[in-house]
**Student:** 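Starting off with a structure, shown below.
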Amino acid sequence: FRNDLIIDPQKQYIGLGHSLGFTTLSQSTINFDIIVGLQCFCNFLGQDEKLYKIRKPKLDQMLNSFNINPKACLERFYNICGYNEKLENNLDITDLSTDLQMLYNSFIPRSLPTLIIGGTSDKIVPKSLIEDNFRNCDNMIIKYLPFAGHTLGYDLSDKIIEIITSFIHDQKISHRN
């Protein structure tokens with residue numbers, strides 16, 4: 001995501017963010033008309049105390065692992081996501097470290113039409129976290145794809161496009177009334 005985008009205020013924009021990217025979109029100054037989040041969150045650790053007690057030690061462990069060996073840590077993370085890839089050694093450690101630190105923060109999502117698409121088999125952003133984060137938010141629709149994991153946008157792109165297109169269509173119809 002680039003913060004130096006030149007935005008035409010006469011046009012309508014839809015923000016689409018995956019995982020931590022949803023946080024970046026939600027905190028940007030762009031006046032989106034709609035935001036779509038794939039396997040996303042506004043509080044990675046969870047608001048519920050029980051969820052927090054499970055997720056915080058795992059995040060602490062990941063950050064410690066990253067500080068020791070960033071490449072190995074990211075490769076393990078990608079493997080958990082279901083994406084087996086060997087990384088090159090030219091990682092931007094500063095940006096990656098900043099992103100990891102952002103996982104400790106929370107934010108309030110914008111009050112505008114928002115679609116959250118989750119997968120029921122994601123180990124990184126499980127259904128319980130999505131429910132914890134978004135169940136009390138206005139203007140929000142949550143849809144789940146059975147057996148989908150953290151890479152659902154890649155694995156099920158046709159289905160994701162279908163859901164997003166339907167949501168956008170429904171928003172345009174409701175704005176006319």
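Numbers for residues simply follow the sequence, beginning at 1.
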**Student:** May I ask you to test the F32-R110 pair for a side-chain heavy-atom distance under 4.5 Å?
**Tutor:**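 A side-chain contact exists here, since the closest heavy-atom pair is under 4.5 Å.
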
**Student:** Side chains of E131 and Y144: does their closest heavy-atom pair fall under 4.5 Å?
**Tutor:** yes

**Student:** In Å and rounded to the nearest 0.5 Å, what is the NZ to NZ distance from K123 to K58?
**Tutor:**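 Nearest 0.5 Å value for the NZ-NZ distance: 10.0 Å.
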
**Student:** Does the side chain of I124 come within less than 4.5 Å of F44's, by heavy atoms?
**Tutor:** yes

**Student:** How far apart are the closest heavy atoms of F22 and C40, and which atoms are they?
**Tutor:** CB-CB, 3.3 Å

**Student:** With a 4.5 Å heavy-atom cut-off, do R55 and S128 have their side chains touching?
**Tutor:**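 Result no, sub-4.5 Å side-chain heavy-atom pair not found.
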
**Student:** Report yes or no: do Y104 and L96 belong to one cluster of Ile/Leu/Val/Met/Phe/Trp/Tyr joined by side chain heavy-atom distances under 4.5 Å?
**Tutor:** yes

**Student:** Are I80 and L59 linked, directly or through other ILVMFWY residues, by side chains that come within less than 4.5 angstrom of each other?
**Tutor:**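 Yes; tracing contacts between hydrophobic side chains, which count when under 4.5 Å, links both residues.
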
**Student:** Do I130 and D122 pass the side chain to side chain contact (heavy atoms under 4.5 Å, CB included) test, and can you show the C-alpha distance, the side-chain angles, and the key distance before you say yes or no?
**Tutor:** CA-CA 11 Å; I130 292 172; D122 188 351; over 6 Å; no

**Student:** Could you tell me the separation between the CD1 atom of I142 and the SG atom of C137, rounded to the nearest 0.5 Å?
**Tutor:**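 Separation between the atoms: 7.5 Å.
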
**Student:** Do the side chains of Y154 and I160 get nearer than 4.5 Å, heavy atoms only?
**Tutor:**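 Of all side-chain heavy-atom pairs linking Y154 with I160, none is under 4.5 Å.
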
**Student:** Run the side chain to side chain contact (heavy atoms under 4.5 Å, CB included) test on D60 and K56 for me, step by step, so that the C-alpha distance in whole Å, both residues' side-chain angles and the decisive distance to 0.1 Å come before the verdict.
**Tutor:** CA-CA 6 Å; D60 291 343; K56 175 129 182 350; 2.9 Å; yes

**Student:** Can you find a pair of side-chain heavy atoms, one from D170 and one from S166, that are under 4.5 Å apart?
**Tutor:** yes

**Student:** Hydrophobic clusters here meaning ILVMFWY residues chained together by side-chain heavy-atom distances under 4.5 Å, can you tell me if L20 and I30 are in one?
**Tutor:** yes

**Student:** For atom CD of E88, decide whether the heavy atoms of other residues, nucleotides or ligands shown that lie under 6.0 angstrom number more than 12.
**Tutor:**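 Atom CD in E88 is not crowded, with 12 or fewer foreign heavy atoms closer than 6.0 Å.
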
**Student:** Is a side-chain N or O of T94 found less than 3.5 angstrom from the main chain of D92, in a donor-acceptor match?
**Tutor:** no

**Student:** Grab the two heavy atoms, one from G118 and one from L152, that are nearest each other, plus how far apart they are.
**Tutor:**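 Here G118 and L152 meet closest at C-CD2, 3.6 Å.
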
**Student:** Go through the steps for I168 and I34 under the test side chain to side chain contact (heavy atoms under 4.5 Å, CB included), then give the verdict.
**Tutor:** CA-CA 8 Å; I168 292 168; I34 293 171; 4.2 Å; yes

**Student:** Starting at CG of L112, measure out to CD1 of I35 and round the result to the nearest 0.5 Å.
**Tutor:** 5.0 Å

**Student:** L45 and L103: which non-hydrogen atoms are nearest, and at how many Å?
**Tutor:** CG-O, 4.0 Å

**Student:** Identify the two heavy atoms, one from G149 and one from Q39, that lie closest to each other, and give their separation to 0.1 Å.
**Tutor:**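 Distance-wise, the nearest heavy atoms are O-CG, 3.9 Å.
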
**Student:** Quick check: are there more than 12 heavy atoms from other residues, nucleotides or ligands sitting under 6.0 Å from NZ of K159?
**Tutor:**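 Not more than 12 within 6.0 Å, no.
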
**Student:** Walk me through whether L87 and Y78 qualify under side chain to side chain contact (heavy atoms under 4.5 Å, CB included).
**Tutor:** CA-CA 10 Å; L87 299 174; Y78 287 146; 3.6 Å; yes

**Student:** Ignoring hydrogens and geometry, is there a side-chain-to-backbone donor-acceptor pair from N133 to N43 under 3.5 Å?
**Tutor:** yes

**Student:** Do F41 and I54 belong together in a cluster built from hydrophobic side chains that touch within less than 4.5 Å?
**Tutor:**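 Hydrophobic grouping puts F41 apart from I54.
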
**Student:** Look up atom CG in N64 and atom SG in C73, then write down how far apart they are to the nearest 0.5 Å.
**Tutor:** 9.5 Å

**Student:** Answer yes or no: is there a side-chain heavy-atom contact under 4.5 Å between M62 and F66?
**Tutor:**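 Answer no - side chains too far apart.
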
**Student:** Measure across H150 and C81 and return the closest heavy-atom pair with its distance rounded to 0.1 Å.
**Tutor:** CD2-SG, 3.7 Å

**Student:** Can you confirm whether N84 sits close enough to N79 that some side-chain heavy atom of one is under 4.5 Å from a side-chain heavy atom of the other?
**Tutor:**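 A side-chain contact under 4.5 Å exists here.
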
**Student:** Testing the basics here: between L25 and G17, what is the closest heavy-atom pair and its distance to 0.1 Å?
**Tutor:** CD1-N, 3.2 Å

**Student:** In Å and rounded to the nearest 0.5 Å, what is the OG to OH distance from S106 to Y52?
**Tutor:** 10.0 Å

**Student:** How long is the span from the CD atom in Q171 to the CD1 atom in I14, to the nearest 0.5 Å?
**Tutor:** 9.5 Å

**Student:** More than 12 heavy atoms of other residues, nucleotides or ligands under 6.0 Å from CD of Q61: yes or no?
**Tutor:** no

**Student:** Can you check whether T114's main-chain N or O pairs, donor with acceptor, with N139's side chain at less than 3.5 Å?
**Tutor:**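 Such a contact is absent between N139 side chain and T114 backbone.
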
**Student:** Evaluate whether atom CG of N31 has more than 12 neighbouring non-hydrogen atoms of other residues, nucleotides or ligands under 6.0 angstrom away.
**Tutor:** no

**Student:** Can you check whether I161's main-chain N or O pairs, donor with acceptor, with T165's side chain at less than 3.5 Å?
**Tutor:** yes

